[in-house]
Amino acid sequence: MTPFHLLLLFLVFFNIATSSESKLTLDYYKKTCPGLQQTIRQVITDKQIASSTTAAATLRLFFHDCMVNGCDGSILISSNAFNTAERDADINLSLPGDGFEVVTRAKTALELECPDIVSCADILALAARDLVTMVGGPYYDVRLGRKDGFVSKASEAEAAMPKPTMPLSQIIKIFETRGLSVQEMVALTGAHTIGFTHCKEFSHRLYNFSKKSDYDPTLYPKYAEGLRKLCENYTKDPTMSAFNDVMTPNKFDNMYYKNLQKGLGLLASDQAMAVDGRTKPYVDLYAGNQTAFFQAFARAIEKVSVYQVKTGRKGEVRHRCDAFNSLQT
């Protein structure tokens, strides 16, 4: 082999070895912040006990972060006079405060323990995993070493996030552009087994649905009736909401898929998965086999967790999670 070919081989290997994903490791903070895992678990345990919606809020926050330019903590940035950040995009205004708060608490604790070491992106990724496990969901590996991104724009979030009013084909396409299959999309949507959704997100299914029916006929009638009563004043009180899983709202299990089979899906996009030929086989599989759901969810969320991560000089370790270091004094 000539020196030129050896050099070419080295460069190819170097490029592969230095890709962002390959820089992440399970023990990234082993020497620089050995108490990381214990500190985060203590913070999230206290927060989950105080507020049972913390797990769902944090998992949703993590997913919304990763879907827009990768898992880089950009969802945590606050808007200022010069920039409207991701968290203030219309699609993100309903994100519960518990997710933001638990990350802030963990960051504060870690800054005392090991200052300027642990990124907000890594904190969010770990907190989401540990909270999923805490409420009964599967454990999955979280590789660490993400840096916090330098960009957070509301306009990018609006363009990137799937919405419950979108046709299923459009949602599938959004996932596919991020390298996620239909099966992985169905598994990830199973995260709706915990948490709640504001009435305005599904009110179109409840009132004046069509000339033939006041409500969406794919809804189980008594469920529709209950939701209509629950949400009747949602225009006056935008905080009104309903649990995504009416049966076991605080437990990470496969009940969400069983609900879809019975017409108990809260969101139109979710309910559509129970009848569409591309998604129904996976809904039926996960409804009948919780182990299969857990395994698929763990693989899919682990894949999401390394999507377009920033490492090295492509990011920073923020002093505070809600502001870029350049804006902090």
Side-chain angles (χ1 to χ4, degrees), residues 20 23-24 28-29 32-33 35-36 39-40 42-44 46-47 50-51 53-54 57-131 142 144-161 304-329:
S20 294
K23 290 182 180 179
L24 303 184
Y28 186 84
Y29 297 105
T32 55
C33 193
L36 167 66
T39 298
I40 287 184
Q42 185 60 56
V43 169
I44 67 166
D46 293 344
K47 186 70 175 66
S51 177
T53 59
T54 300
T58 308
L59 179 57
R60 188 176 171 204
L61 188 66
F62 175 62
F63 180 75
H64 279 233
D65 181 42
C66 293
M67 288 293 281
V68 185
N69 296 323
C71 309
D72 63 354
S74 53
I75 190 71
L76 305 169
I77 292 292
S78 294
S79 297
N80 56 39
F82 310 102
N83 177 56
T84 303
E86 276 178 43
R87 67 192 294 173
D88 288 321
D90 186 62
I91 188 72
N92 289 331
L93 291 178
S94 61
L95 289 173
D98 287 324
F100 292 99
E101 186 179 341
V102 77
V103 173
T104 299
R105 288 189 187 184
K107 178 64 171 175
T108 301
L110 288 166
E111 284 302 295
L112 293 172
E113 187 178 329
C114 37
D116 298 327
I117 296 295
V118 185
S119 69
C120 300
D122 274 349
I123 292 172
L124 178 54
L126 273 176
R129 190 274 309 277
D130 288 351
L131 281 161
V142 175
L144 302 169
R146 297 165 190 76
K147 292 292 177 67
D148 299 319
F150 295 125
V151 177
S152 179
K153 294 185 180 297
S155 58
E156 293 184 350
E158 286 295 343
M161 290 302 303
V304 168
S305 75
V306 296
Y307 177 66
Q308 288 189 353
V309 293
K310 278 75 175 172
T311 58
R313 295 181 181 179
K314 293 181 179 178
E316 64 183 1
V317 175
R318 290 186 208 135
H319 307 311
R320 284 177 43 172
C321 290
D322 61 353
F324 304 117
N325 289 346
S326 59
L327 298 177
Q328 298 176 33
T329 56

Take F324 and S152 through the side chain to side chain contact (heavy atoms under 4.5 Å, CB included) test and state the conclusion after the steps. CA-CA 10 Å; F324 304 117; S152 179; 4.1 Å; yes

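- Side chain of R318 to backbone of C321: a donor-acceptor contact under 3.5 angstrom is found.
- Looking only at atom types and distance, the side chain of S78 has a donor-acceptor partner in the side chain of R87 under 3.5 Å away.
- When all heavy atoms of A157 and V68 are compared, the closest pair comes out as CA-CG2, 3.8 Å.
- From E86, atom CD reaches atom CD of E156 across 7.0 Å, with rounding to the nearest 0.5 Å.
- To the nearest 0.5 Å, atom CG of residue L95 and atom CG of residue L61 are 6.0 Å apart.
- Between the E111 side chain and the D116 main chain, a donor and an acceptor come within less than 3.5 Å of each other.
- Scored by the side-chain hydrogen bond (donor to acceptor under 3.5 Å, both in side chains) test, N83 finds no partners at all (sequence neighbours excluded).
- Taking each heavy atom of H64 and I91 in turn, the nearest pair found is CE1-O, 4.0 Å.
- If you check the side chains of D122 and Y28, you find no donor sitting under 3.5 Å from an acceptor.
- Between the side chains of D65 and S74, at least one donor-acceptor pair of N or O atoms lies under 3.5 Å.
- Taken to the nearest 0.5 Å, the CE atom of M67 stands 12.0 Å off from the CD1 atom of I75.
- A heavy-atom distance below 4.5 Å is found between the side chains of L24 and V306.
- Counting heavy atoms from C-beta on, the side chains of I44 and L126 never come closer than 4.5 Å.
- Put simply, CG on L144 and OG on S119 are 8.0 Å apart, with the number rounded to the nearest 0.5 Å.
- Side-chain N or O atoms of E316 include none that pairs as donor or acceptor with a backbone N or O of G149 at under 3.5 Å.
- Taking every heavy atom of both residues into account, G312 and K147 meet most closely at O-NZ, 3.5 Å.
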Stepwise, does the side chain to side chain contact (heavy atoms under 4.5 Å, CB included) test hold for F63 with M161? CA-CA 10 Å; F63 180 75; M161 290 302 303; 4.1 Å; yes

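- Looking only at side-chain heavy atoms (C-beta outward), V317 and V118 stay at 4.5 Å or farther from each other.
- You'll find the side chain of R146 stays beyond 4.5 Å of the side chain of D72, heavy atoms only.
- With rounding to the nearest 0.5 angstrom, the CZ atom of F100 is 9.0 Å from the CG atom of L124.
- Nearest heavy-atom pair, A57 versus G99, reported as atom, atom and distance to 0.1 Å: CB-N, 3.6 Å.
- In terms of heavy atoms, Y307 sits closest to C66 at CD2-O, 3.3 Å.
- Side chains of R129 and T58: a donor-acceptor N/O pair is absent below 3.5 angstrom, by distance only.
- To the nearest 0.5 Å, the span separating CG on L36 from SG on C114 amounts to 7.0 Å.
- Considering all non-hydrogen atoms of both residues, I40 and A106 come closest at CG1-CB, 4.5 Å.
- Under the 4.5 Å side-chain criterion, counting only non-hydrogen atoms from C-beta, D148 is not in contact with L76.
- In this structure the side chain of K153 never reaches within 4.5 angstrom of the side chain of S79, judged on heavy atoms.
- K47 NZ: more than 12 foreign heavy atoms inside a 6.0 Å radius.
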Evaluate side-chain hydrogen bond (donor to acceptor under 3.5 Å, both in side chains) for S94 paired with R60, printing each intermediate quantity in order. CA-CA 10 Å; S94 61; R60 188 176 171 204; 2.9 Å; yes

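- Considering only heavy atoms from C-beta on, V309 comes within 4.5 Å of C71 through its side chain.
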